[in-house]
Amino acid sequence: MKITIVAVGKLKERYLEEAVAEYSKRLGRYCKLEIFQMADEKTPDGASLALEEQIKEKEGERILSKIPSGTYVIALAIEGRMLGSVELSKKLEELGTGGISHIVFVIGGSLGLSKAVLSRSDYQLSFSKLTFPHQLMRVMLLEQIYRSFRIIGNEPYHK
């Protein structure tokens with residue numbers, strides 16, 4: 001299986017880069033992993049809703065340009081469905097056994113995802129009703145993907 005993560009925002013802290021590198025290495029035995037990160041648009045303080053929508057649309061165009069056709073897209077969205085770790089592992093396993101060979105996870109910027117990206121997604125996943133920094137979300141997503149593969153393989157880690 002191939003997993004691609006398309007993320008808005010560059011990692012700035014070394015400890016986050018190290019965590020991404022560690023989980024990327026661990027995932028190497030389960031899947032082919034690819035990560036695309038793109039710059040986020042600067043949002044001025046007090047930006048109008050219209051300007052915020054324009055910013056999300058610009059980021060959305062960049063995101064969509066990195067999503068290959070024929071892939072299954074899971075958008076991380078606060079309004080998405082919340083799953084436990086075992087449920088997420090079952091979802092990934094079902095996709096794989098159902099013939100899906102390439103899954104793209106999308107992490108938006110600080111304003112969220114554009115309507116076009118949400119429309120392109122096949123599934124919307126929420127980690128919580130809480131808001132997390134998008135750089136930290138990348139590490140959390142990688143950890144959960146790794147945990148999912150361990151659960152699928154009946155390997156220790158998830159308890």
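If you read the sequence from its start, that first residue is 1, and numbering goes on from there.
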Residues that Glu13 engages under side-chain contact (heavy atoms from CB on, under 4.5 Å), provided they are two or more places apart: Tyr15, Leu16
If two hydrophobic side chains count as joined below 4.5 Å and joins carry through other members, does Leu125 share a cluster with Ile100? yes
Please find the pair of heavy atoms, one from Ala39 and one from Val8, that lie closest to each other, and give the distance. O-CG1, 4.2 Å
Got a donor-acceptor contact below 3.5 angstrom from the Arg138 side chain to the Gly9 backbone? yes
Heavy-atom closest pair, residues Glu17 and Leu11: OE2-O, 3.6 Å
Can you name the closest pair of heavy atoms from Gly109 and His134 and give their distance? C-ND1, 3.9 Å
Can you label the angle between the Tyr30 ring and the Tyr146 ring as parallel, tilted or perpendicular, going by 30° and 60°? perpendicular
What is the distance from atom OG1 of Thr43 to atom CD1 of Ile55, rounded to the nearest 0.5 Å? 3.5 Å
Compare all side-chain heavy atoms of Met140 with those of Glu143 and state whether any distance is below 4.5 angstrom. no
Are the side chain of Gln37 and the backbone N or O of Val6 linked by a donor-acceptor pair below 3.5 Å? no
Compare every heavy atom of Thr71 with every heavy atom of Pro68, then report the nearest pair and how far apart it is. O-OG1, 2.7 Å
Side chains of Arg150 and Pro156: closer than 4.5 Å at any heavy-atom pair? yes
How close do Ser114 and Gly60 get, heavy atom to heavy atom, and via which atoms? OG-CA, 3.6 Å
For residues Val104 and His102, determine if any side-chain heavy atom of one lies less than 4.5 Å from a side-chain heavy atom of the other. yes
Shared ILVMFWY cluster between Phe36 and Val139, side chains joined below 4.5 angstrom? no
Distance from Glu61 atom CD to Glu59 atom CD, nearest 0.5 Å? 11.0 Å
Less than 4.0 angstrom from a charged side-chain N to a carboxylate O is my criterion; do Lys91 and Glu87 meet it? no
Could you tell me whether the side chain of Ile74 reaches within less than 4.5 Å of the side chain of Asp122, counting heavy atoms only? no
Mind checking whether Ile63 and Leu113 have side chains closer than 4.5 Å, heavy atoms only? yes
Which pair of non-hydrogen atoms, one from Ile151 and one from Ser85, has the smallest distance, and what is that distance? CD1-O, 3.9 Å
Would you mind reporting whether Val106 and Val117 have side-chain heavy atoms less than 4.5 Å apart? yes
Regarding Lys56 and Glu53, does a basic nitrogen lie under 4.0 Å from an acidic carboxylate oxygen? yes
With hydrophobic residues grouped by side-chain heavy-atom distances under 4.5 Å, do Ile145 and Phe132 end up in a single group? yes
Side-chain heavy atoms of Phe105 within contact of Leu76, under 4.5 Å: yes
Co-membership, hydrophobic cluster, residues Leu33 and Val20, 4.5 Å side-chain: yes
Side chains of Ile3 and Leu27, heavy atoms from C-beta outward: is any pair under 4.5 Å? no
Rounding to 0.5 Å, atoms CD1 (Ile5) and CE (Met137) come to a distance of 9.5 Å
Restricting to pairs with a member in residues 18-38, which pass salt bridge (Lys or Arg N to Asp or Glu O under 4.0 Å), not counting sequence neighbours? Lys2-Glu34, Arg14-Glu18, Glu22-Lys25, Glu22-Arg26, Arg29-Glu155
Under the side-chain contact (heavy atoms from CB on, under 4.5 Å) rule, collect the residues that match up with Ile78, sequence neighbours excluded. Thr131
Nearest 0.5 Å, what's the CD1-SG distance between Ile103 and Cys31? 9.0 Å
What's the separation between atom CD in Gln144 and atom CG in Leu92, rounded to the nearest 0.5 Å? 10.0 Å
Decide whether Ile67 and Tyr123 are clustered together by the hydrophobic rule: side chain heavy atoms of Ile, Leu, Val, Met, Phe, Trp, Tyr closer than 4.5 Å, transitively. no
Between CD on residue Glu93 and CE on residue Met1, distance to nearest 0.5 Å: 9.5 Å
